[in-house]
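A quick write-up on the structure given underneath.
Scope of the values below: all heavy atoms of this structure, side chains included, with no hydrogens, waters or symmetry mates.
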Amino acid sequence: MGTRPNKNYMVQGQSSRMGSEQNQIRAAVVMPGQGGSMSRAWMNHHVHQQQHQQTPQQQPLPGDKIDRSMIWQIAMISMKEVVKMAKMGEPLWIPNRSDCGIGFKLNEEEYFRIFPIGFGPRPGSLYCESSRHSTTLNISSHSLLDVFMNQISIETHAQTPFVPIRDNMLARYCRQVGEKKWAVVDVSLDIFREFHLVKSRKRPSGCIIEDTPNGFTNVTWIEHVEAQHVTGVHPIYQALVSSGLAFGAKRWLGILQSQTDRLFSFMTNTGPLSDITMAMSTKSEMSRTRLSERMVGIFNTGVSVATGDPWDIIPYCGPNKIRVLKLRNTDIPGHPVGVILVATYSFWLNVPPITVFKFLQNQQTRSQWDVLTSSEQPIKEISRVVIGRDSSISVSVLRLNPEVLVLQEENWDPMGAYIVYAPVDSTAVNLTLVGGDSDYVTMLPTGFVIGPDGLGNGSDGAGSLVTLSIQILVDSNPNIVVEQPSLDTLTNLLNNTVDSLMISLMKPS
């Protein structure tokens, strides 16, 4: 996973070869649809790439013009602040009751006492969302830094059309801060904007990465955001957002753990194998896992609140607040050619997230909610690859009939579990398992995202927030006009699935 970073290593660069540290700070805008406050904020991977590109000082920053030397000063201040905050406990950090008592939030009065100058007072139009959480990852510190380096985009939008995205301009900085200890810090450059233009901004936030004796890594994440009370948040999501759990440190670490666990599963299955049968089996598992990763990416694109080219919103008038998107696809890999519709809807269930997740996992009761299956001809699992710490995080292949398989990925995280699946042509999938190009496997994923409602103690709260998203191909001609019957077919399918799930989960046991 590359060479071990030296002391002044910068994310996406190597400072010993790049000259002054000031040249290594870069800002990037979080594009609409990635949401959150850290997506796609990275630097170029290697020096030889930078030699063929503009230097960070030459690259124009979107939006307001910002003095580069000021960005450097902000990065230095941010690094000191985050490192200091990570070392402190109470009274700066107090238990967060919304997070089962295992997470922490800032004591704001104490924060402004310790950092009286810093980035100035909080605008009256903004409120504080703060969180701190720690976990251990199955990866070494230098490999984890490579994860940040290698342009892995970690999306932290709320995975629902019911919560608006947050767009921020960010600067990222990484350096060694102790023996076998690193800090990665992000800070919003929106502090340069006038208060009335700022809907959200990030005060110094980031993570402390520290090696453990067993080769793993302890990670402490600090998230400190100031945001407006946005009227666009649906009532069922207001508690989750205001508690800081929707965009908080625990969610960040859950996403990061999922990424590193997947990477770890690849690394442990790619060693030299003398048995050719085992080698072919391992290659097939990796091909299947990569295909599933692309399926989840296609699903997330449909769930994302992003709109605009190539996606368009189709106005829908119905009893529920269903968001319908349209895509006229001619050349996007992974999608079938033609007109694609995506319907997404979020709803509340009065059962814990783990109950919803386990019910959706159970193939024996799948016919109660999945229109693909029936009790007379149940779907059958033919293979499963574990890609996480236990069997609840896996990729499986299910057989629907002799011609059609169902690829499915399941991932349990208390802050954002999901089950995503897509019918796929069995011949096309089998070709990828022997080295064929998976881009030619077209998929229309359906899936559920399950998380806490923010009303109780984190993942053990009173109920669950569930997002269902369904993609269908209306016609293979990308130029047709979408008629109302096509919209009705899709929205009826979604509503029937939601109703069936509610009935199944809410009925007395």
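Test E226, H224, E81 against R203 for side chain to side chain donor-acceptor pair (under 3.5 Å) and you get one pass: E226.
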Practice problem: Report the C-alpha separation of Y421 and L372 in whole Å, then their side-chain angles, then the decisive distance to 0.1 Å, and conclude whether the side-chain contact (heavy atoms from CB on, under 4.5 Å) test is met. | Solution: CA-CA 11 Å; Y421 60 94; L372 288 177; 3.9 Å; yes
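The ring-ring contact (aromatic ring centres under 6.0 Å, His included) search around F115 returns Y111, not counting sequence neighbours. For E129, the salt bridge (charged side-chain N to carboxylate O under 4.0 Å, His left out) partners at least two apart in sequence or on another chain are R166. Listed by chain and number, the residues in a ring-ring contact (aromatic ring centres under 6.0 Å, His included) with F357 are W412 (sequence neighbours excluded). Residues forming a salt bridge (charged side-chain N to carboxylate O under 4.0 Å, His left out) with R328 (at least two apart in sequence, or on another chain): none. A search for side chain to side chain contact (heavy atoms under 4.5 Å, CB included) contacts involving S346 returns T160, P161, F162, Y237, T467, not counting sequence neighbours.
In this structure, the separation between OG on S130 and CD1 on I94 is 8.0 Å, given to the nearest 0.5 Å. To the nearest 0.5 Å, atoms CZ (R132) and OG (S205) are separated by 13.0 Å. How far CD1 of I255 is from OG1 of T260: 12.0 Å, rounded to the nearest 0.5 Å. The CH2 atom of W369 lies 9.0 Å from the CG atom of L468; values are rounded to the nearest 0.5 Å.
The two residues L325 and G302 make their nearest non-hydrogen contact at CD1-O, 3.9 Å. Summarising the geometry of I450 relative to S464, their closest heavy-atom pair is CG2-CB, 4.3 Å, with the distance given to 0.1 Å. Smallest separation of non-hydrogen atoms from I222 and V82: CD1-O, 4.0 Å.
The closest side-chain donor-acceptor pair between S140 and S143 falls under 3.5 angstrom. For the residue pair E90/N107, the side-chain donor-acceptor check at 3.5 Å is not satisfied. With hydrogens and angles left out, the side-chain atoms of S141 and D211 include a donor and acceptor closer than 3.5 Å.
Of the charged side-chain nitrogens involved, at least one lies within less than 4.0 Å of a carboxylate oxygen, so that E110 and R113 count as a salt-bridged pair. Salt-bridge check for K202 with E223: passed, with a basic side-chain N closer than 4.0 Å to an acidic carboxylate O.
Remark: side-chain polar atoms of T217 are not paired, donor with acceptor, to backbone N or O of L137 under 3.5 angstrom.
Using a 4.5 Å heavy-atom cutoff, the side chains of L106 and M85 are in contact.
Listed by first and then second residue, the salt bridge (charged side-chain N to carboxylate O under 4.0 Å, His left out) pairs involving residues 410-421 are R384-E410 (not counting sequence neighbours).
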